[in-house]
Participant: 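First, the structure itself, so that you have it in front of you.
This structure is a prediction, so every number in the text was calculated from the model and none was measured. Convention: sequence-line order gives letters A, B, ...; per-chain numbering from 1.
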2 protein chains.
Amino acid sequence: MDIRTRLIDTAEQLFDRHGFTATGMDRLTHSAGISSRTLYKHVGSKNRLLAIVLDERDRRFMRSLASAVSVDELFGALGVWFADQGARGCLFLRSWAETGGDVPEVVEAMERHKARLRQRIEEIVEAETGRRDDELADSILLLVEGATHAATYRGRATVDVALRAARRLIDGARG
Amino acid sequence: MDIRTRLIDTAEQLFDRHGFTATGMDRLTHSAGISSRTLYKHVGSKNRLLAIVLDERDRRFMRSLASAVSVDELFGALGVWFADQGARGCLFLRSWAETGGDVPEVVEAMERHKARLRQRIEEIVEAETGRRDDELADSILLLVEGATHAATYRGRATVDVALRAARRLIDGARG
DNA sequence: CTCAATGTAAAACGATCACTTTACTTGTGC
DNA sequence: GCACAAGTAAAGTGATCGTTTTACATTGAG
C-alpha cells in the first residue's frame with residue numbers, strides 16, 4: 001500500500017478512536033510505520049493531516065451513499081457504515097469542536113461535507129417522492145444526524161428507528 | 001461566588017469552547033482565578049473535573065426541560081438553551097469521544113445524562129398523547145439529537161424544523 | 001492567642017507535545 | 001556508475017502537559 005494512503009488511513013482510525021488532540025505524532029508515526037520526517041514531508045502539519053483525513057473520509061462516505069435512490073437505501077447504507085467503521089459520532093463535527101472552530105482548513109472540510117450530505121439527501125428525497133421538498137430533506141437530515149449520534153449510546157437499532165420515522169414523514173408528505 | 005462553583009463554571013465554558021484535551025490546567029486556573037493547588041484539593045484530577053462538569057451540566061439542562069409537557073415546550077426549551085449556551089454539539093458525547101471511552105467516570109456521566117433525557121422525552125410524549133409510545137419517544141429523541149448537532153452548522157432554525165417534524169410524527173401516531 | 005483550615009504564588013516534576021535537524025541507507029533513471 | 005529522490009533512525013528544539021511540592025498569607029473558632 002502507498003505510504004501516504006497508509007498514513008491517512010492510520011490517522012483516521014486513531015483520530016476517530018482516541019480523538020485528534022489526544023493522538024500524538026509519535027503514536028501516529030509508529031502505528032503507520034513511517035518516520036516523522038516522511039510524515040511532515042507529506043502533509044506538512046498535524047492540522048493539515050486532519051483536514052486531509054476529513055476530505056478523504058468525505059469521499060469514502062459519499063461513495064457509500066452514491067447509489068441510494070430511496071430512504072431505505074440511505075439508512076441501509078448508514079447502517080452498513082456504522083457496522084464497518086463503528087459509531088462514535090460525526091468525525092467532522094468532533095474535529096471542528098476539538099479545534100474550537102479555529103482551524104480554517106478543518107472548518108471548511110466540515111462545511112463541505114455537510115453541504116454535500118444535505119445535497120445528497122435532497123436528491124434522494126426527490127427520487128423517492130418525485131418532487132423537490134426542502135422541508136422534508138431538512139427533516140431527514142436531522143434524522144441522519146440524530147441516528148449518527150444516538151447510535152453511539154443506543155446501538156445500531158437506532159438506524160431502524162430513523163428509517164421508520166423518515167418513512168412516516170414521507171408518507172405524510174405524499175398523502 | 002463560591003470558589004468551587006466558579007471553577008466548575010469556568011471549566012465548562014473552556015471545555016465546551018475549546019475542547020477538553022486542548023484546554024490546559026494553566027489556562028483553567030488563570031481563567032478561574034485560583035491556584036492549581038486549590039484546584040487539585042477540590043477536584044483531584046482533570047478527568048474528575050470533567051465528570052463533575054458533566055454532572056452539573058446535566059442538572060442544569062434537565063432543569064431547563066423540567067416544566068415541558070408538550071413537544072412545543074420541549075423544542076422551545078432546546079431553542080432557549082442554544083441561544084443561551086451556544087450550539088457546539090452535545091458536550092457529553094464530545095467528552096466521551098475525546099477521552100476515547102476510556103474514562104469510566106465520563107462514560108457513566110454520559111450514559112446517565114442520555115438515560116435521563118430519553119426518560120424525560122418519554123414523559124413529554126405521554127403527556128401530549130395520553131399514552132406511552134416507545135417508538136414515538138425514540139423518534140423524537142433522534143430529532144432532539146439531530147437538532148443539537150445540526151444546529152452547529154445550520155443555525156438555530158434547525159430547532160423549528162425538528163419541532164415541525166415531531167408534530168407530524170405525533171399527529172400521524174394520533175390519527 | 002493560637003491552631004487549623006483554606007487559600008495564594010511559584011518552582012519543580014518527568015513526560016510528552018508538534019516539529020526540525022543531522023546523518024545515513026536505499027533504490028531508480030540516465 | 002553516479003546523481004537524485006525518498007525513505008529511515010534518532011537526537012534535539014523549546015514549549016507545554018497534568019500534577020506535586022515548598023513556602024507563605026489570611027481568617028475564623030475555641
Participant: Can you find a side-chain donor-acceptor pair between B/Gln85 and B/Arg57 that sits under 3.5 Å?
Facilitator: no
Participant: From the list C/dT8, D/dA9, C/dA18, which nucleotide is the closest neighbour of the side chain of B/Ser35?
Facilitator: C/dT8
Participant: Salt bridge between A/Arg118 and A/Asp134, side-chain N to carboxylate O under 4.0 Å?
Facilitator: yes
Participant: Would a single hydrophobic cluster contain both B/Trp81 and B/Met62, if residues Ile, Leu, Val, Met, Phe, Trp and Tyr are joined by side-chain heavy-atom contacts under 4.5 Å?
Facilitator: yes
Participant: Identify which nucleotide among D/dT19, C/dT8, D/dG7 has an atom closest to any side-chain atom of A/His42, counting heavy atoms from C-beta outward.
Facilitator: D/dG7
Participant: Heavy atom of residues 6-24 of chain B under 4.0 Å from DNA chain C: which residues?
Facilitator: none
Participant: Can you tell me how far P of C/dT6 sits from CG of B/Leu39, to the nearest Å?
Facilitator: 16 Å
Participant: Kindly say whether, by distance alone, the side chain of B/Arg37 makes a donor-acceptor pair under 3.5 Å with the base of D/dT22?
Facilitator: yes
Participant: Nearest-Å distance, CG (A/Asp26) to C1' (D/dA9)?
Facilitator: 13 Å
Participant: NA contact type, A/Gly44, heavy-atom cut-off 4.0 Å: base, sugar-phosphate, or nothing?
Facilitator: nothing
Participant: CZ of A/Arg4 versus P of D/dG7: gap in Å, rounded?
Facilitator: 11 Å
Participant: Atom CZ of A/Arg48 and atom P of C/dC19: how far apart are they, to the nearest Å?
Facilitator: 11 Å
Participant: Using 4.0 Å as the upper bound for N to carboxylate O, is an ion pair formed by A/Asp138 and B/Arg164?
Facilitator: no
Participant: Is it true that A/Glu111 and A/Lys114 make a salt bridge, defined as a side-chain N closer than 4.0 Å to a carboxylate O?
Facilitator: no
Participant: OH of B/Tyr40 versus C1' of C/dC13: gap in Å, rounded?
Facilitator: 12 Å
Participant: Shortest non-hydrogen contact from A/Leu54 to A/Ala109?
Facilitator: CB-CB, 4.0 Å
Participant: Between C1' on D/dC17 and CG on B/Leu28, what's the gap in Å once rounded to a whole number?
Facilitator: 13 Å
Participant: Does B/Ser36 contact D/dT20 through a side-chain donor or acceptor facing the base, at a distance under 3.5 Å?
Facilitator: yes
Participant: At under 4.0 Å, does any side-chain N or O of B/Thr38 touch on OP1 or OP2 of C/dT8?
Facilitator: yes
Participant: Just the rounded figure in Å: distance from C1' of C/dC19 to CG of A/Asn47.
Facilitator: 12 Å
Participant: Could you check how far NZ of B/Lys41 sits from C1' of D/dT21, rounded to whole Å?
Facilitator: 11 Å
Participant: Mind listing the closest non-hydrogen atom pair of A/Cys90 and A/His149 along with its distance?
Facilitator: N-NE2, 3.4 Å
